[in-house]
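Read through the structure below, which is laid out as structure tokens, and then see the notes.
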Protein chains: 2
Amino acid sequence: MNVRVYQGLGLDEYVGVLRKAVREHKLVLIMASCSVDYEGRGASTLGEGERVIIIKRDWAFLIHRPDGYSPVNWQPQSSIIDFEVHGGLLIIRAVRKKPREIVTVRASDISLVVVADMSDTAEFIEYVSEHEIRDLIARNPSILGEDLKITNIEKPVEPGFVDLYGIDNRNRIVVIELKRVTATKDAVSQLHRYVIAVRKSLGRQDVRGILVAPSITRSALEYLERLGLEYKQLNLKQLRRMLEEEKKKSDRKPGASLLEFLKRE
Amino acid sequence: MNVRVYQGLGLDEYVGVLRKAVREHKLVLIMASCSVDYEGRGASTLGEGERVIIIKRDWAFLIHRPDGYSPVNWQPQSSIIDFEVHGGLLIIRAVRKKPREIVTVRASDISLVVVADMSDTAEFIEYVSEHEIRDLIARNPSILGEDLKITNIEKPVEPGFVDLYGIDNRNRIVVIELKRVTATKDAVSQLHRYVIAVRKSLGRQDVRGILVAPSITRSALEYLERLGLEYKQLNLKQLRRMLEEEKKKSDRKPGASLLEFLKRE
DNA sequence: GGCTAAATCTCGTGC
DNA sequence: GCACGAGGTTTAGCC
């Protein structure tokens, strides 16, 4: 990694360094005392204070206060970034086209500028996503504690997509909405929409709606029962164990899924 | 701002610097080549690559790749952070108690460490939030183009909260759900829940549900009409003008709102 | 601590 | 380009 650190430069020198760095899509860090205005979908102002400003290679733009997870102001990638000196201040403007939004930084005191050439090509692999859980249940519907046959994954309806769709042992259609976190009334509404849509499109009333989640809020459960829908609890720990089991098995016979195997390499 | 820059130190020296900085709640920046594992609500792994790591005063923990708005891994404030050297690598662990989550960084090449004393006490002021729009409509219900009387803001029902609640000129109860962005089917469901709840609790059917938003998706509009609910378009530009007008007025007679006046000073 | 809903949400995916 | 839904969403507000 090629890293250059600048301190104690004049404003005009800083502007030169920053313009060049951004033009060349380097990663830029600025520590400065500044004030910030934002106007776009919303609007905000922030008085003078010391912050970290990050400009990424793709011109994503982040302003972080010394505390907290989230940036206080920002602009997502491919905004346009420019610098100028005005009234003894360094003005940084980050402009987004659509929606039209502008973040304006007025920096009075620049303590540090870092310009870095960074290389990061690694793949980011996530496990235990709703995706993975959904497919696991599709392969092993008995997880839900009854005799179901899953016929569709992400079946389109209305518009919208039913996570899992199948038939129970009494030939009733089953619509399943899956959540990997506590289910709220929003999730119940979502399931309800799908059930209504399926009933309407099939012209039959014996369509069950099942909300599958590790937990559910009290009022969501009441709401769900009032709508004649069902809730089934998910055991996440058990699911994880099953996922690991499956992974081990496919490791033993990698021919079964070459792509999976390659990914793991 | 007191800023210290470290480069070219040995691993043990870096650990010493980092431990001290974190213990003293300084802001810490690290540029390094590293791999990252996460395990908690979800799980992920990320191979070797060059990244920026930020540890904030409150021990919020961020790992940023060279591109994109969002951190690839993170830990919110008040996680526990510790450093150690193991097998020629700098290991950073950020642990969150509830939910139990761990981020583990294995850094092989440290290009830069910055430790800074930052001070930022400025107030962050947001405009044009749903909050503000809601209160403006409550004061001027004629914005909605009919003769309404708003009686409640954030009226609790069911549980849940109705943004605006009032009576129309034919004595019908009006339930208003407000969105400052394009309304989706989720918003329609939300409004529907409230209308059902109010009808039930009052034991009367003449309860109108109005979704107020700058725009609405096609399918959300269909869904809304099928449910017998109404949509009213918001003119955000007009609202902003009105908000500015009101602000000017209150500037002219600051006695009216001393607190507001003080805030503006 | 649980629940509810907003957010300049962002981001991916599908049409 | 819009719409829809997930997210380790986070954050704020209220009970």
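Letters go in sequence order (proteins before strands), and every chain restarts at 1.
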(request) Output the distance between atom CD (A:Glu130) and atom NZ (A:Lys179), rounded to the nearest 0.5 Å. (result) 5.5 Å
(request) Could you tell me the separation between the CD1 atom of B:Ile173 and the CZ atom of B:Arg199, rounded to the nearest 0.5 Å? (result) 11.5 Å
Between [N] atom [atom2] and [X] atom [atom1], what is the distance in whole Å?
{"X": "A:Tyr194", "N": "D:dC4", "atom1": "OH", "atom2": "C1'", "result": "8 Å"}
{"X": "B:Glu154", "N": "C:dC3", "atom1": "CD", "atom2": "C1'", "result": "14 Å"}
{"X": "B:Gln75", "N": "D:dG8", "atom1": "CD", "atom2": "C1'", "result": "9 Å"}
{"X": "A:Ile133", "N": "D:dG8", "atom1": "CD1", "atom2": "P", "result": "12 Å"}
{"X": "A:Asp186", "N": "C:dA5", "atom1": "CG", "atom2": "C1'", "result": "8 Å"}
{"X": "A:Ile153", "N": "D:dG5", "atom1": "CD1", "atom2": "P", "result": "18 Å"}
{"X": "A:Glu132", "N": "D:dG7", "atom1": "CD", "atom2": "C1'", "result": "15 Å"}
{"X": "A:Leu46", "N": "C:dT8", "atom1": "CG", "atom2": "C1'", "result": "14 Å"}

What integer number of Å spans the [atom1] atoms of [N] and [M]?
{"N": "C:dA7", "M": "D:dG7", "atom1": "P", "result": "22 Å"}
{"N": "D:dT10", "M": "D:dA6", "atom1": "C1'", "result": "14 Å"}
{"N": "D:dT9", "M": "D:dG5", "atom1": "C1'", "result": "13 Å"}

Of all residues at least two apart in sequence or in a different chain, which pass the salt bridge (Lys or Arg N to Asp or Glu O under 4.0 Å) check with [X]?
{"X": "A:Arg139", "value": "A:Glu246"}
{"X": "B:Glu39", "value": "A:Arg240"}
{"X": "A:Arg93", "value": "A:Asp82, A:Glu84"}

(request) Tell me which nucleotide among D:dT10, D:dA3, C:dT8 gets nearest to the side chain of A:Asn73. (result) C:dT8
Would you tell me if any nitrogen or oxygen in the side chain of [X] comes within less than 4.0 Å of OP1 or OP2 on [N]?
{"X": "A:Lys179", "N": "D:dA6", "result": "yes"}
{"X": "B:Trp74", "N": "D:dT10", "result": "yes"}
{"X": "A:Gln190", "N": "D:dC4", "result": "no"}
{"X": "B:Arg180", "N": "C:dA5", "result": "no"}
{"X": "B:Lys98", "N": "D:dG8", "result": "no"}

What side-chain donor-acceptor pairs closer than 3.5 Å can you find for residues 210-225 of chain B, not counting sequence neighbours?
residue	atom	partner	partner atom	Å
B:Ser215	OG	B:Thr182	OG1	2.8
B:Thr217	OG1	B:Ala220	N	3.3

(message) Distance alone, cut at 3.5 Å: any donor-acceptor contact between the side chains of B:Ser189 and A:Gln190?
(response) no
(request) Could you list the residues that satisfy ring pair (Phe, Tyr, Trp, His ring centres under 6.0 Å) with A:Tyr69, not counting sequence neighbours? (result) B:Trp74
Assign [X] to base, sugar-phosphate, or nothing according to its heavy-atom contacts below 4.0 angstrom with the strands shown.
{"X": "A:Arg193", "answer": "sugar-phosphate"}
{"X": "B:Glu177", "answer": "sugar-phosphate"}
{"X": "B:Thr217", "answer": "sugar-phosphate"}
{"X": "A:Glu101", "answer": "base"}
{"X": "A:Val128", "answer": "nothing"}

(request) Could you name each residue pair satisfying ring-ring contact (aromatic ring centres under 6.0 Å, His included) that touches residues 25-53 of chain A, not counting sequence neighbours? (result) A:His25-A:Trp59
(request) Test side chain to side chain contact (heavy atoms under 4.5 Å, CB included) on A:Leu18 and A:Ile30 and set out the steps. (result) CA-CA 9 Å; A:Leu18 291 168; A:Ile30 305 169; 3.9 Å; yes
Please list each protein N or O that sits under 3.5 Å from an N or O in nucleotides 11-15 of chain D, with the distance.
residue	atom	partner	partner atom	Å
D:dT11	OP1	A:Tyr69	N	3.4
D:dT11	OP1	A:Ser70	OG	3.3

(message) Go nucleotide by nucleotide along DNA chain C from the 5' end; which of A:Ala43 and A:Ala183 gets its closest nucleotide reached first?
(response) A:Ala183
(message) Reading DNA chain D from 5' onward, which residue's closest nucleotide shows up sooner: B:Val103 or B:Ile216?
(response) B:Ile216
Suppose we screen for side chain to side chain contact (heavy atoms under 4.5 Å, CB included). Which residues come up paired with [X], at least two apart in sequence or across chains?
{"X": "B:Glu244", "answer": "none"}
{"X": "A:Ser129", "answer": "A:His131, A:Glu132"}
{"X": "B:Asp58", "answer": "A:Asp67, B:Lys56, B:Ala60, B:Gln77"}

(request) List in numerical order all residues of residues 29-41 of chain A for which some heavy atom is under 4.0 Å away from an atom belonging to DNA chain C. (result) A:Tyr38, A:Arg41
(message) Counting only heavy atoms and a strict 4.0 angstrom limit, can you tell me which residues of residues 218-246 of chain B come near DNA chain D?
(response) B:Ser219
